[in-house]
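What follows is one structure encoded as structure tokens, with my remarks underneath.
FYI, the numbering just counts along the sequence from 1.
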Amino acid sequence: MSPAMALRVVGLMSGTSHDGIDAAVVDLEADGDTLHVTVLGHLSQDYPPDLRAAITRALPPAPATALDWCRLDTGVGRAFAAVARRALQELAGGRADLVVSHGQTLFHWVEGGAVRGTLQVGQPAWVAEATGLPVVSDLRSRDVAAGGQGAPLVALFDALWLRGRRGRPVALNLGGIANITAGVEGTSPVAYDTGPANALLDAAVVHLTGGTEAFDAGGARAARGRVDEALLTELLADPYYARPAPKSTGKEWFNAAYLERVWRGHAHLGGDDVLATLSALTARTVADAVGRHDATEVVASGGGVRNPTLRRDLARELGDVRLTRASDLGLPDQAKEAVAFAVLGWMTWAGHPASLPSATGARGPRLLGSITPGDGPLRLPGSGTAPTRLVLAGA
């Protein structure tokens, strides 16, 4: 089997919740047009408190200097390097061929519905130096340069993974921002961000606790609250929800300042009621998006699936549409995006485009990312057949 066809890959991902780094070690082997995926293990590592605080301080609308950005690029890069080294030792038996590092998104520049640029920090040279392995990074920028949204890039993984599943499945990720991939049973899947998932919930908890808590553990606060219909109606009036796909968003829009502006008009509400309403907002906007695609099943992953209140609200809004977790299909919920980016990096290494124009709106499919060499010479293998389906071992 040529090196292009069989690789052990370390996938690294930190989402818009910017709470830490997820790592997955994956064996990937192509057999004709089928990509076989074996997840050897996964782990999560919280950011050190001072680094997470520095990320929070740099997020919009807060001002940041060039020194702030430089320090973050190095600090996040070193944090990713430490997690990559740990994954290599604990999950990969000390052997891997490639690292794929998403980095930490600090800004997704959207104007008039078009993405003008996207910025992920976490200098990959630190990862290459720590592991000796080549690193694929900066995966979103090429799609943006081709006129695409640069997100959600996991659409390719979702389409390969869920294609052939009975009915009309929709993949859902509940991170800081919620995104879906639909139409995987056809030839032109669509994918887009539906709006906030944990972003506003986390911001509300930080506000309520003065920063002593970062999230609503177990959805307990939201479970005690009552949905305020007036606040929910105001939140649902945000023009983002009515925009057509392809579209993407992030904490440059749905952030603490956004929440505080809305909250001022509803100062009489208790904190638990606000959290209950924000949970209902995520559930409603996801279910509305899913309903546009006549889905029969939603396969959910990401940190939000660990919130039972959000899951309850979402199941209620989905009605007869079955709510399934990725772990029910053999893919650990928290590892899904790290595994997906490992697959995207494999595609780049093998010479296959990994963006879906029908999902991102780009002018055409593109090879994604930049490659930082490891200790050895950089030798890219020749291309084989691009996979059209993905099979998870043990699923």
Exercise for the section: Answer yes or no: is there an ion pair linking Glu185 with Arg165, defined by an N-O contact shorter than 4.0 Å? Expected result: no
Practice task
Could you check if a side-chain atom of Leu7 sits within less than 4.5 angstrom of a side-chain atom of Trp349, using non-hydrogen atoms only?
Solution key: yes
Problem - Arg116 NZ/CZ over Trp109 ring centroid, <6.0 Å and within 45° of normal - result: no
Exercise for the section: Side-chain contact test, heavy atoms from C-beta onward, threshold under 4.5 Å: evaluate it for Leu275 versus Val205 and give yes or no. Expected result: yes
Practice task
Verify the cluster assignment for Leu174 and Leu318: are they in a single hydrophobic cluster under the rule of side-chain heavy atoms below 4.5 Å apart?
Solution key: yes
Exercise for the section: State the CH2-OG1 distance between Trp126 and Thr74, to the nearest 0.5 angstrom. Expected result: 6.0 Å
Problem - Donor-acceptor pair, side chain of Thr105 and main chain of Phe107, under 3.5 angstrom - result: no
Problem - Nearest heavy-atom neighbours spanning Arg221 and Asp216 - result: N-OD1, 2.9 Å
Problem - Residues Gln149 and Thr360: side-chain donor-acceptor under 3.5 angstrom - result: no
Fill in the blank from the handout: Taken to the nearest 0.5 Å, the spacing of Leu314 CG from Asn307 CG works out to 10.5 Å
Handout entry: Donor-acceptor contact below 3.5 Å, side chain Arg366 vs main chain Ala354
Key = no
Problem - Closest heavy-atom pair and its distance - Ser279, Leu310 - result: OG-CA, 3.6 Å
Practice task
Take Arg57 and Asp68 through the side chain to side chain contact (heavy atoms under 4.5 Å, CB included) test and state the conclusion after the steps.
Solution key: CA-CA 9 Å; Arg57 287 195 301 270; Asp68 294 330; over 6 Å; no
Handout entry: NZ/NE/NH1/NH2 to OD/OE distance under 4.0 Å, Arg8 and Asp27
Key = yes
Handout entry: Side-chain touch Leu331/Trp161, heavy atoms, less than 4.5 angstrom
Key = yes
Exercise for the section: Any chance you could lay out the side chain to side chain contact (heavy atoms under 4.5 Å, CB included) test for Val286 and Thr282, step after step, and finish with the verdict? Expected result: CA-CA 6 Å; Val286 167; Thr282 294; 4.3 Å; yes
Problem - Heavy-atom donor-acceptor pair, Asn198 side chain to Gly175 backbone, under 3.5 Å - result: yes
Fill in the blank from the handout: Closest heavy-atom pair, Pro152 versus Asp193, reported as atoms and distance to 0.1 Å, is CG-OD1, 3.9 Å
Handout entry: Side chain to side chain, Ser327 and Lys336, heavy atoms closer than 4.5 Å
Key = no
Practice task
Take Leu139 and Val100 through the test side chain to side chain contact (heavy atoms under 4.5 Å, CB included) and record every step on the way to the result.
Solution key: CA-CA 9 Å; Leu139 288 103; Val100 185; 4.0 Å; yes
Problem - Phe254 and Tyr258 aromatic ring geometry - parallel, tilted or perpendicular at 30°/60° bounds - result: perpendicular
Handout entry: Nearest non-hydrogen partners of Gly225 and Asp273, listed with the distance
Key = CA-OD1, 3.4 Å
Exercise for the section: Take Asp22 and Gln334 through the side chain to side chain donor-acceptor pair (under 3.5 Å) test and state the conclusion after the steps. Expected result: CA-CA 7 Å; Asp22 295 321; Gln334 195 64 23; 3.2 Å; yes
Exercise for the section: On the 0 to 90° scale, with breaks at 30° and 60°, tag the Phe341-His102 ring pair as parallel, tilted or perpendicular. Expected result: perpendicular
Problem - Side-chain (Asp46) to main-chain (Gly20) donor-acceptor, under 3.5 angstrom - result: no
Problem - Val136 and Val99, any side-chain heavy atoms less than 4.5 Å apart - result: no
Practice task
Might you confirm whether atom CD of Glu252 has over 12 heavy atoms from other residues, nucleotides or ligands at distances under 6.0 Å?
Solution key: yes
Exercise for the section: Give the minimum heavy-atom separation between Asp294 and Arg168, together with the two atoms involved. Expected result: O-NE, 2.5 Å
Practice task
Might you confirm whether atom CZ of Arg78 has over 12 heavy atoms from other residues, nucleotides or ligands at distances under 6.0 Å?
Solution key: no
Exercise for the section: Report whether Leu236 and Leu259 are members of the same hydrophobic cluster (ILVMFWY, side-chain heavy atoms less than 4.5 Å apart, transitive linking). Expected result: yes
Handout entry: Short side-chain donor-acceptor distance under 3.5 Å, Ser141 and Asp138
Key = yes
Practice task
Verify, without hydrogens or angle tests, whether Gln104 (side chain) and Gly15 (backbone) share a donor-acceptor contact under 3.5 angstrom.
Solution key: yes
Exercise for the section: Before accepting this row, confirm whether a basic side-chain N of the pair Asp333/Arg325 lies closer than 4.0 Å to the acidic partner's carboxylate O. Expected result: yes
Fill in the blank from the handout: Distance col, row Asn255:CG vs Glu260:CD, nearest 0.5 angstrom, shows 8.5 Å
Exercise for the section: Of all the heavy-atom pairs spanning Ser358 and Ser188, show the shortest one and how long it is. Expected result: OG-C, 3.4 Å
Handout entry: Electrostatic pair Asp31:Arg389 at N-O distance under 4.0 angstrom
Key = no
Handout entry: Distance, nearest 0.5 Å, that separates CG of Leu367 from CZ of Arg142
Key = 7.0 Å
Problem - Chi angles and distances behind the side chain to side chain contact (heavy atoms under 4.5 Å, CB included) call for Val206, Thr212 - result: CA-CA 7 Å; Val206 170; Thr212 60; over 6 Å; no
Exercise for the section: May I ask whether Leu232 and Leu269 are part of the same hydrophobic cluster, defined by side-chain heavy atoms of I, L, V, M, F, W, Y residues being less than 4.5 angstrom apart, directly or through others? Expected result: yes
Exercise for the section: To the nearest 0.5 Å, tell me how far Gln123 CD sits from Ser101 OG. Expected result: 9.5 Å
Practice task
Side-chain contact test, heavy atoms from C-beta onward, threshold under 4.5 Å: evaluate it for Val26 versus Leu40 and give yes or no.
Solution key: no
Completion exercise
Of Ser137, Ser14, Pro124, the one forming a side chain to side chain contact (heavy atoms under 4.5 Å, CB included) with Phe80 is Ser14
Exercise for the section: Before accepting this row, confirm whether a basic side-chain N of the pair Asp272/Arg224 lies closer than 4.0 Å to the acidic partner's carboxylate O. Expected result: yes
Exercise for the section: First locate atom CG of Leu51, then atom CD1 of Ile55, and finally report the distance between them rounded to the nearest 0.5 Å. Expected result: 4.5 Å
Handout entry: Polar side-chain atom of Thr277 near backbone of Asp228 as donor-acceptor pair, under 3.5 Å
Key = yes
Handout entry: Side chain proximity check, Thr194 to Tyr192, heavy atoms < 4.5 angstrom
Key = yes
Practice task
Check whether the ring centres of His108 and Trp253 lie less than 6.0 Å apart, and answer yes or no.
Solution key: no
Problem - Side chain proximity check, His18 to Lys251, heavy atoms < 4.5 angstrom - result: yes
Exercise for the section: Please answer: with hydrophobic residues joined when any side-chain heavy atoms are less than 4.5 Å apart, are Val25 and Val83 in the same cluster? Expected result: yes
Exercise for the section: Say whether Val10 and Trp346 are linked into one hydrophobic cluster, either directly or through other cluster members, by side-chain heavy-atom distances under 4.5 angstrom. Expected result: no
